[in-house]
Amino acid sequence: MAAAEREAEAKGRECPKEEARRRLRELDVADKFSRLPLPKASVLLPLVVRAGRLCLLLTLRAPQLRRSPGEVCFPGGKSEENDKDEIDTALREAKEEVGLPPEKVEVICRLVPGIDKMNYLVTPVVGFIEDTFQATPNPDEVSDVFVMPLEYFIRPLNYMALPYKTSSGYLTWMHCFTYHDHERNKSFKIWGLTAHFAVFLALVVFRTKPTFEVDYDLDNLISSAESKFMNLYASVNEKKKSNL
Ligand SMILES: CCCC(=O)SCCNC(=O)CCNC(=O)[C@H](O)C(C)(C)COP(=O)(O)OP(=O)(O)OC[C@H]1O[C@@H](n2cnc3c(N)ncnc32)[C@H](O)[C@@H]1OP(=O)(O)O
Ligand SMILES: [Mg+2]
């Protein structure tokens, strides 16, 4: 048992990992959106406890990739024929991209999906990984791997909201965070779909109002996230119909 867990237990309260696990399971959407007729992708949101704090592992995409080169994203990718479900896709991709063995991931839940700029239905799968995990980035797809506190996605030091029009013409705001990793003296820009998933995860885990505006009802997180997603999905379908 880690020091933070022992301390929490001694004080008779839940440790951060246990509390996060419980809150995340309450918002598991399981396969609720799996049958929507869109091409599929999954990402793994890998949570790790470092010095008693919940942190997220993220990747920097290789510069030669056709899609989103040089952008920060979670390990993940498109669904393949042999993948059983979204969890399988996320675990297979995480193994291929950062060398994370699937058996070293404690999968907790699937959260409300998003839709990317190519109209893929992207499912975030949340899992705990061990602090001892050493990433081995696959240079064909990943140029860097970094870990940052999950709390940054509700209390950032450097944040901007950018207006954004989706490919289906749906108007929204996009979160944009700049995180400086002092140990490595490197800065990372986390925005778009990746930031959207990270913010939602932080809201679920901390149940705290962020220092910036979000368009969720924090007292009804799941229903507001689902209706936001269904509006986006409807706009994608409208656009498809108008293109026929
Ligand atoms: C609606 C808002 C839009 C935005 O948010 S843009 C702003 C910020 N960016 C983001 O948030 C990133 C969001 N995107 C993503 O997370 C991912 O693109 C998404 C949707 C999960 C899809 O995953 P990908 O990583 O693009 O897909 P993937 O992993 O299956 O494949 C990536 C490309 O790599 C290629 N690949 C796979 N294995 C390889 C290998 N062994 N050697 C060489 N190349 C390889 C694979 O063919 C693919 O290339 P391509 O994209 O098909 O050209
Ligand atoms: Mg990928």
Side-chain angles (χ1 to χ4, degrees), residues 33-34 36 38-46 56-83 85-100 102 110-127 135-146 148 153 159-179 187-202 215 225 228-237 239-240:
F33 299 97
S34 304
L36 291 180
L38 289 179
K40 293 188 173 51
S42 293
V43 288
L44 180 69
L45 277 49
L56 259 181
L57 180 143
L58 290 136
T59 71
L60 193 66
R61 293 170 71 83
Q64 73 278 9
L65 281 180
R66 192 169 57 115
R67 269 219 275 188
S68 305
E71 290 176 7
V72 169
C73 75
F74 289 106
K78 288 161 242 157
S79 167
E80 288 183 1
E81 215 183 322
N82 289 333
D83 295 341
D85 56 17
E86 296 89 355
I87 298 174
D88 235 25
T89 306
L91 296 179
R92 177 184 50 72
E93 287 283 339
K95 171 90 171 74
E96 284 170 17
E97 294 182 356
V98 297
L100 177 63
R110 280 169 272 188
L111 295 175
V112 177
I115 298 178
D116 78 348
K117 49 193 171 194
M118 304 295 286
N119 288 343
Y120 272 67
L121 179 77
V122 187
T123 301
V125 174
V126 187
T136 47
N138 169 354
D140 290 329
E141 296 190 64
V142 174
S143 63
D144 202 0
V145 173
F146 64 101
M148 62 181 279
F153 293 104
Y159 171 85
M160 267 190 314
L162 306 172
Y164 177 68
K165 197 175 183 181
T166 65
S167 55
S168 56
Y170 183 72
L171 273 177
T172 184
W173 291 93
M174 206 149 68
H175 303 298
C176 178
F177 300 85
T178 303
Y179 172 69
S187 287
F188 298 95
K189 188 169 146 189
I190 305 110
W191 60 293
L193 195 59
T194 304
H196 167 82
F197 289 147
V199 167
F200 188 66
L201 176 65
D215 48 4
K228 190 171 139 92
F229 167 75
M230 288 315 290
N231 287 340
L232 175 62
Y233 177 65
S235 78
V236 168
N237 274 337
K239 176 80 178 174
K240 266 198 212 159

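Start at 1 and go down the list; that is how both ligands and their atoms are numbered. For the single chain, residues carry numbers from 1 onward in sequence order.
Remark: ligand 1 and L193 share an N or O pair separated by less than 3.5 Å (distance only, no angle test). Considering backbone and side-chain atoms together, Y164 places no N or O closer than 3.5 Å to any N or O of ligand 1. The distance criterion of under 3.5 Å between nitrogen or oxygen atoms is met by R66 with respect to ligand 1. Residue-to-ligand polar distances keep I115 apart from ligand 1: every N/O pair is separated by 3.5 Å or more. Considering backbone and side-chain atoms alike, S68 places every N or O at 3.5 Å or more from each N or O of ligand 1. Residue T194 places at least one N or O, backbone or side chain, under 3.5 Å from an N or O of ligand 1.
Backbone or side-chain N, O or S atoms of E97 reach the Mg ion (ligand 2) at under 2.8 Å. Contact annotation: G77 places no N, O or S atom under 2.8 Å from the Mg ion (ligand 2).
Judged purely by distance below 3.5 Å, without hydrogens or angles, the side chains of S34 and E86 pair a donor atom with an acceptor atom.
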Checking K117 against S68 for the side-chain contact (heavy atoms from CB on, under 4.5 Å) test, could you report, in this order, the C-alpha distance in whole Å, the side-chain angles of both residues, the deciding distance, and whether it holds?
CA-CA 10 Å; K117 49 193 171 194; S68 305; 3.5 Å; yes
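The residue among T89, D116, I190 with a heavy atom at the shortest distance from atom 20 (C) of ligand 1 is D116.
Looking from atom 38 (N) of ligand 1 to the surrounding protein, the closest heavy atom is E141 OE2, 3.0 Å. Considering only non-hydrogen protein atoms, atom 33 (C) of ligand 1 sits nearest to L65 CD2, 3.6 Å. Of the protein's non-hydrogen atoms, K117 NZ, 3.5 Å is the one closest to atom 6 (S) of ligand 1. Protein heavy atom in closest approach to atom 51 (O) of ligand 1: K78 NZ, 3.3 Å. The single protein non-hydrogen atom nearest to atom 28 (P) of ligand 1 is G77 CA, 3.6 Å, given as residue, atom name and distance. Considering only non-hydrogen protein atoms, atom 44 (N) of ligand 1 sits nearest to D140 CB, 4.3 Å.
Between F197 and F74, the ring centre distance reaches or exceeds 6.0 Å. Centroid-to-centroid, the aromatic rings of F33 and Y233 stay 6.0 Å apart or farther.
Against a heavy-atom cut-off of under 4.0 Å, E97 is close to the following atoms of ligand 1: 29 (O).
By the criterion of a heavy-atom distance under 4.0 Å, neither the backbone nor the side chain of M118 is placed next to ligand 1.
Between F153 and F177, the angle of the ring planes goes over 60°, which puts this pair in the perpendicular group of the 30/60° scheme.
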